[in-house]
Visitor: 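Sharing a structure below in structure tokens format, with a few things to ask.
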Amino acid sequence: MSTEELNKIITVKKMDLEECEQELNSRYYPSIVRVAMMNYISVLQEQLEKFNHAIEK
């Protein structure tokens, strides 16, 4: 992947991460939904780290 493609992916994942965190903190959700959202947030964070490391290389 090119650096430009990686930057676009990172931008989208960052926006998704911010939106998920805001949504999780602004509304009440049943615990199972909260667990799923928190899992998705951690997956996004791992993906962001992976893509950031790919850019650094």
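Reckoned from all heavy atoms, side chains included, excluding hydrogens, waters and symmetry mates.
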Visitor: What pair of heavy atoms forms the shortest contact from Arg34 to Leu24, and how long is it?
Guide: NH1-O, 3.1 Å
Visitor: At what distance, to the nearest 0.5 angstrom, does CD of Gln45 lie from NZ of Lys14?
Guide: 12.5 Å
Visitor: Between the side chain of Glu5 and the main-chain N/O of Ser2, is any donor-acceptor distance below 3.5 Å?
Guide: yes
Visitor: To the nearest 0.5 Å, tell me how far Ser26 OG sits from Glu19 CD.
Guide: 10.0 Å
Visitor: Hey, could you give me the CD/NZ distance between Gln47 and Lys50, rounded to the nearest 0.5 Å?
Guide: 7.0 Å
Visitor: Does a side-chain heavy-atom distance below 4.5 Å link Phe51 with Asn7?
Guide: no
Visitor: Without swapping roles, check the side chain of Asn52 against the backbone of Leu48 for a donor-acceptor pair under 3.5 Å.
Guide: yes
Visitor: Can you tell me how far NZ of Lys13 sits from CG of Leu6, rounded to the nearest 0.5 angstrom?
Guide: 11.5 Å
Visitor: Do you reckon Val43 sits in the same ILVMFWY cluster as Val35, going by side-chain contacts under 4.5 Å, direct or chained?
Guide: no
Visitor: Got a salt bridge between Lys8 and Glu4, using NZ or NE/NH1/NH2 to carboxylate O under 4.0 Å?
Guide: yes
Visitor: With clusters defined by side-chain heavy atoms of hydrophobic residues (ILVMFWY) lying less than 4.5 Å apart, directly or transitively, does Met15 cluster with Leu17?
Guide: no
Visitor: If you take all heavy atoms of Ile55 and Ile10, which pair is closest and at what distance?
Guide: CD1-CD1, 3.3 Å
Visitor: Treating Ile, Leu, Val, Met, Phe, Trp and Tyr as nodes and any side-chain heavy-atom pair under 4.5 angstrom as an edge, say whether Met38 and Tyr40 lie in one connected cluster.
Guide: yes
